[in-house]
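Remember, predicted model here, so these are calculated numbers, not experimental data. Naming convention: chains lettered A, B, ... in sequence-line order (proteins, then strands); numbering from 1 in each chain.
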Amino acid sequence: MSSSRASSEIATRTNSRTVEKYPLSRVGPFEFRIERDARKGMRAPVTIYSNDALIAKMQTDRTIGQAVNVTHLPGVQKHVIVLPDGHEGYGFPIGGVAATDFETGVISPGGVGYDINCGVRLIRTHLTEKEVRPKLKELIHEIFRSVPSGLGNTGALNLSSGQLDLVLSEGVKWAVDSGYGVQKDLEFCEENGTMKHSDPSKVSNEAKKRGAVSLGTLGSGNHFLEIETVNNIFDDEAAKVFGISERNQVCVLMHTGSRGLGHQVCSDYLRIVEAAAHIFNISLPDRELACAPAGSREAENYRLAMGSALNYAWTNRQIITHNVRRAFERVFGSSFSDLEMDLVYDVAHNICKVEEHSVDFDNPAKKKKVFVHRKGATRAFPKGNPAVTLQYRNVGQPVLIPGSMGTASWVLLGQEASMDRSFGSTAHGAGRNMSRGAAIRTYPYESVRQDLQSRGIILEAASKKGVAEEAPGAYKDVDAVADVSHNVGIATKVVRLTPIGVVKG
DNA sequence: ATGTTC
């Protein structure tokens, strides 16, 4: 295989307004690298998995510059990774992975982001598109009514502080014990829906206040709930294990996170970590990378509060699942178990976890404990991994990649290559290619609605502005993102889904 | 992403 090392200088803006140039090499058909330059403070190289079109887009903003900045973190391991959907974020790029040493590294709230455990859940049904079409409008309306959506929404549940603390420590287990689901739902969530390393007492009262009234709500921005049909199956065996057996089978896909609670946890701990920065004496090129050393009180408290926000987000998706199942029951007149509305999987996209990984390019067998920061990245563990639920252990972990509103979404399959090449991770979505403001100017609400309608997609939305901001044209091509993951071999194609109904915040 | 500017 020819892996030309043709080097090109790319310009990337940094926070300091100077234009930095990074020597970018192509090291494979879908792999690029910026070698470590210790004189500039880099402690590791950057690896970018991308095709030519997607990396060209990354070069027009701060994505790659931010990834280079992340290589300055103390204890950063092996390489900082940018996935094909990479774009600018707070300090760290979104669509990125960074692993830091468990003992000598740092933990950074910006490496997880504001929407802690923003993630995706896929539910299957035994219904086909033909059966759902006649009732689609009613179904979408029924879901829209029973799952509050939009900015600042409340009203699904109103928790006492005791109940909220149980949500924050037990996650989905609390929901199932409280009647919002069935026992086997737990088996199809990452971490079984409960991050044990959590402590509600490390979550501020302000965050709890926001969380108590928002559980079971969808939110806004790129969060959505869609009725999908199976458009194509690429891996019959894996699809079958995931409960997907035929084209036009109907599924439900939801994309939401920890709402105002997670946002507040991130804000609180960014402030705490920044205020303590002088104590840690860590020099970084961007204050948004604010971090605390492993084992410090600040890092430990953040991890425990983040764990609570993870539990909140998983529970949020469980409560929404309960209400979606109820909506289906009302519309189709049979129980959700008769409709076979089983959870396919629930996976986090914004998370920091302790995992064991190979950290040496030359010695893949040697592993050590690291803090894996996945920010806009999906875990993609292969078959045989003990973290993969028993039901899927012989095939591998389902990877859920939502597209933008009205476009395809993907189910991929975690592969062994991800462990060596991307700390067991792959891409998480389409990624914006246009600012919200530009999207509003380019795609008025009415044109987006009509475009969806002409393609047979029913839409109900809390906000017209939100629909314009999330217009399909404002996003990158999710099929290209899935292609890169597949071709690199870190997670391979199983099922392509296309929407027939959309509920938007 | 977000009680969309503490």
What's the [atom1]-[atom2] distance between [X] and [N], to the nearest Å?
X      : N     : atom1 : atom2 : result
A:H263 : B:dT5 : NE2   : P     : 10 Å
A:K464 : B:dT4 : NZ    : C1'   : 20 Å
A:R436 : B:dT5 : CZ    : C1'   : 16 Å
A:E206 : B:dT2 : CD    : C1'   : 13 Å
A:Y114 : B:dC6 : OH    : C1'   : 11 Å

Pair A:Q318-A:R121, side-chain donor/acceptor within less than 3.5 Å: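 Yes, A:R121 and A:Q318 have a side-chain donor paired with an acceptor closer than 3.5 Å.
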Sugar-phosphate, base or nothing in reach of A:G257, heavy atoms under 4.0 Å: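 A:G257: no heavy atom of the nucleic acid under 4.0 Å.
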Parallel, tilted or perpendicular: rings of A:H373 and A:F92 (30°, 60°):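 A:F92 vs A:H373 ring planes: parallel.
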B:dT2 phosphate, OP1 or OP2, under 4.0 Å from A:S220 side-chain N/O: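 Result: yes.
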Any A:R259 side-chain N or O less than 4.0 Å from OP1/OP2 of B:dT2: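 For B:dT2, OP1/OP2 do have a side-chain N/O of A:R259 under 4.0 Å.
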Under-4.0 Å salt bridge between A:R436 and A:E470: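 Salt bridge: yes.
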Minimum heavy-atom distance A:K208-A:V203, with the two atoms named: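 Smallest heavy-atom distance, with atoms named: CE-O, 3.5 Å.
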